[in-house]
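One-based numbering, in listed order, for ligands and for the atoms of each. Since the structure is predicted, the reported quantities are computational estimates derived from the model, not experimental observations.
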Amino acid sequence: CVLRKIAEKTPLQRLLEHLLRSMEKRDPQQFFAWPVTDNIAPGYSQIITNPMDFSTIKQKIDDNNYQNLNDFIDDFKLMCDNATTYNHPDTIYFKAAKKLLHVGLKMVIPDKLKQLRSVLV
Ligand SMILES: COc1ccc(C(=O)NC2CCC2)cc1-c1cc(C(C)=O)n2cccnc12
C-alpha cells in the first residue's frame with residue numbers, strides 16, 4: 001500500500017488554524033461557516049464576484065495556500081466585506097459582518113500575536 005504522507009503543519013499553518021478557530025467562535029450562528037448560496041441569498045453570485053467563507057479559508061490553510069499572515073487576513077476581510085456589500089445595513093448579516101471584522105482584526109494586532117507566540121511554539 002502507498003504510505004500516506006502525514007501532513008505536518010508549518011508554524012504559519014498552526015497560527016492560522018488557531019486564529020481561524022477563534023474567529024469561528026465569534027460566528028455562533030455559522031453565517032460565515034459555509035459558502036452563501038443563491039438559494040438563501042437571491043442574486044448573490046451575480047453581486048459577489050469573489051466569495052469567501054470559513055470553510056474555504058480552512059481548506060486554503062490545509063493546502064498551505066497562504067504564504068503569509070496578510071494573505072489570510074485579506075481573505076477574512078473579503079468575507080466580511082462581501083457580507084456588507086450584499087446585505088443592507090439593517091440586516092443581521094451586515095451587523096454580524098461588521099462585528100466579526102472588528103473582533104477578527106483585533107486578534108491580529110502585533111501585541112496580540114506576540115502573546116500567541118508562547119501558546120503556539
Ligand atoms: C452560510 O450562510 C448562511 C447560513 C445560515 C443562515 C441562517 O441560519 N439564517 C437564518 C437566521 C435567520 C435565517 C444564513 C446564512 C447567510 C449568510 C449570509 C451572508 C454571510 O451574507 N447570508 C445572506 C443572506 C441570507 N442568508 C445568509
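Atom numbering of ligand 1 starts at 1 in the shown order; those under 4.0 Å from a heavy atom of Trp34 are 1 (C). Interface of Ala41 with ligand 1, defined as ligand atoms under 4.0 Å from a residue heavy atom, comprises 24 (C).
In this structure, atom 3 (C) of ligand 1 lies nearest to the protein heavy atom Ile40 CD1, 3.6 Å. Scanning the protein for heavy atoms near atom 2 (O) of ligand 1, the closest one is Phe31 O, 3.3 Å. When only non-hydrogen protein atoms are considered, atom 21 (O) of ligand 1 lies nearest to Asn87 ND2, 3.0 Å. When hydrogens are left out, the protein atom nearest atom 12 (C) of ligand 1 is Tyr93 OH, 3.7 Å; that is the closest non-hydrogen contact. The single protein non-hydrogen atom nearest to atom 4 (C) of ligand 1 is Gln30 O, 3.8 Å, given as residue, atom name and distance. Among all protein heavy atoms, the one lying closest to atom 19 (C) of ligand 1 is Val36 CG2, 3.6 Å.
Here the OG1-CG distance, from Thr10 to Asn64, works out to 5.0 Å after rounding to the nearest 0.5 Å.
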Taking only distance into account, with no hydrogens and no angle test, what donor-acceptor pairs under 3.5 Å do side-chain atoms of residues 70-80 form with protein atoms, sequence neighbours excluded?
{"from": "Asp75", "atom 1": "OD2", "to": "Lys60", "atom 2": "NZ", "distance (Å)": "2.7"}
{"from": "Asp75", "atom 1": "OD2", "to": "Tyr66", "atom 2": "OH", "distance (Å)": "2.6"}

Determine whether His102 and Lys99 satisfy the following criterion, side-chain contact (heavy atoms from CB on, under 4.5 Å), listing intermediate values before the conclusion. CA-CA 5 Å; His102 185 70; Lys99 281 201 188 109; 5.8 Å; no

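Remark: Thr56 engages Asp53 in a side chain to side chain donor-acceptor pair (under 3.5 Å) (not counting sequence neighbours).
No hydrogens or angles considered: a donor-acceptor pair under 3.5 Å links the side chains of Gln59 and Asp63.
With salt bridges taken as basic N to acidic carboxylate O contacts below 4.0 Å, none links Lys58 and Glu24.
Residues Phe94 and Val103 fall into different hydrophobic clusters, defined by Ile, Leu, Val, Met, Phe, Trp and Tyr side chains chained together at heavy-atom separations under 4.5 Å.
By the criterion of a heavy-atom distance under 4.0 Å, neither the backbone nor the side chain of Asn82 is placed next to ligand 1.
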